[in-house]
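Just so it is clear: chains get the letters A, B, ... in the order the sequence lines come, proteins before strands, and each one is counted from 1.
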Number of protein chains: 2
Amino acid sequence: MSHYTEHAISILKAQGYRITRPRKLVLELLDTAPTALSAYEIKDALDAAGEKVDTVSVYRILECFDQQGLIHRVLSSGKVKKCLLDDESHCQRQQTEHCHHLLICQQCQGIEEVHCAGVDALVQTLQSQLSFQIKAHHLEFTGLCQRCQTEESEGKD
Amino acid sequence: MSHYTEHAISILKAQGYRITRPRKLVLELLDTAPTALSAYEIKDALDAAGEKVDTVSVYRILECFDQQGLIHRVLSSGKVKKCLLDDESHCQRQQTEHCHHLLICQQCQGIEEVHCAGVDALVQTLQSQLSFQIKAHHLEFTGLCQRCQTEESEGKD
DNA sequence: TTCACTGCAAACCTTTTGCAATTCT
DNA sequence: AGAATTGCAAAAGGTTTGCAGTGAA
């Protein structure tokens, strides 16, 4: 069992959630998914793997995972991706603000998570200039991942 | 007719679009709307004003406006808001990147647009550290607008 | 007059709700 | 055993598609 799945399970247990078969299946799928997935895509992927999980359950499971900070929700698509769980800082981040800086490849839909240091300073500066009280921010970059850049410059077919 | 509506119409005309009654109605509604609106909300608002416009048409109109950079799409809700049309820079912005920094009040759902200077520098710095090629970014802040802050500290009912 | 655009009907996809059956602990 | 969770059925909500009719240029 991967670190992600293992850690997610320990968080769920600590919060009093039950570790059910569908929850484990979704965790394992999210762990290996290279891109973000919608509830439907998760259902289909599990079906394809011969595992029957109802779509409604997927929705409810994702809601639970979201609340526990185990997944990201990509704003631009509504799909979800596993959140890199950083043992020490996970709980604090969850309380103040979830890590929300995503690189989304417009070609292959792959998603990388970045911890972009300057953002906090930027938010503070901006906050000092505004009467609006900032509580959270969401930052998403779209563009081309390394692989798709090289493919674009090579394969002109 | 407001500056926004006027300017939007001139852009549409320049692109060869027809200035129809439904398009004008949607423009005028967006111009005065204090918050972002969904296609359904636009339809309902027009109905309430005694103007019949089909929901399907609203969808198609918004798609057109979006392509022409006349509106913002709020990622976190999918709703749309008029984009401040800045005469000189509108065309360039549209080509490179649309202004996408929004302050969203979680209480009243009001939306303000900010031109947050530091972001461009931040993006450049980030770009220099990544192999990912950034083409656009979306930045949304959630929190409390000035009005809702004071209401929260006063009215404890 | 002509073609873009709208309105209507219907289909489609996504998400939510209620309740009985299941299954973790 | 007991409560949380799932699966099923059904409804509700949002968005898209095709086509005939309308109206802006």
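Distance CG (L12(A)) to C1' (dA4(D)): 13 Å, rounded to an integer number of Å. Nucleotide dA4(D) holds its P atom 17 Å from the CD1 atom of I61(A), rounded to whole Å. The CG atom of D54(B) sits 14 Å away from the C1' atom of dG14(D) (whole-angstrom rounding).
Cluster partners of L75(B), using a side-chain heavy-atom cutoff of under 4.5 Å among ILVMFWY residues and allowing indirect links, are L75(A).
Shown here is Q127(A), whose CD atom has more than 12 heavy atoms of other residues, nucleotides or ligands within 6.0 Å. Few gaps surround CD on Q106(B); more than 12 heavy atoms of other groups in view lie less than 6.0 Å from it.
Annotation: of the two residues near DNA chain C, P22(A) and T55(A), the 5′-most nearest-nucleotide partner is T55(A).
Within residues 31-49 of chain A, no residue approaches DNA chain D, by heavy-atom distance under 4.0 Å.
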Inset, instruction - Sugar-phosphate means primed atoms, P, OP1 and OP2; the rest is base. With that split, encode nucleotides 19-25 of chain D 5' to 3' as B, S or - using protein heavy atoms under 4.0 Å. - result: ----BBS
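With a heavy-atom cut-off of 4.0 Å to chain A, the contacted part of DNA chain C has its first and last nucleotide at dT14(C) to dT25(C).
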Legend entry - Derivation of the side-chain contact (heavy atoms from CB on, under 4.5 Å) call for F141(B) and L126(A): CA-CA 11 Å; F141(B) 299 93; L126(A) 185 63; 3.4 Å; yes
Inset, instruction - Decide side-chain hydrogen bond (donor to acceptor under 3.5 Å, both in side chains) for H101(B) and H137(B); before the verdict, give the C-alpha distance in whole Å, the side-chain angles of both, and the deciding distance to 0.1 Å. - result: CA-CA 9 Å; H101(B) 312 143; H137(B) 66 262; 2.9 Å; yes
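For the helix from dT1(C)-dA25(D) to dT25(C)-dA1(D), the axis fitted to the five pairs at one end and the axis fitted to the five pairs at the other end meet at an angle of 40° (nearest 10 degrees).
At least one donor-acceptor pair under 3.5 Å links the side chain of Q149(B) to the backbone N or O of S131(A). No donor-acceptor distance shorter than 3.5 angstrom exists from the side chain of K79(B) to the backbone of V74(B), with no hydrogens or angles considered.
I9(B) and Y4(B) fall within a single hydrophobic cluster, where Ile, Leu, Val, Met, Phe, Trp and Tyr side chains are chained together by heavy-atom contacts under 4.5 Å. By the criterion of side-chain heavy atoms lying less than 4.5 angstrom apart, applied directly or through intervening Ile, Leu, Val, Met, Phe, Trp or Tyr residues, L29(A) is grouped together with I19(A) in one hydrophobic cluster.
Within the 4.5 Å cutoff, the side chain of E113(A) has heavy atoms near those of the L102(A) side chain. Side-chain contact between C108(A) and R147(A) is absent, with no heavy-atom pair separated by less than 4.5 Å.
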Contacts table for residues 45-54 of chain A: side-chain donor-acceptor under 3.5 angstrom, sequence neighbours left out:
| residue | atom | partner | partner atom | Å |
| --- | --- | --- | --- | --- |
| E51(A) | OE1 | R21(A) | NH2 | 2.7 |
| E51(A) | OE2 | R21(A) | NH2 | 3.2 |
| D54(A) | OD2 | V56(A) | N | 2.9 |

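Checking E140(A) against S76(A) by side-chain atom types alone, a donor-acceptor pair falls below 3.5 Å.
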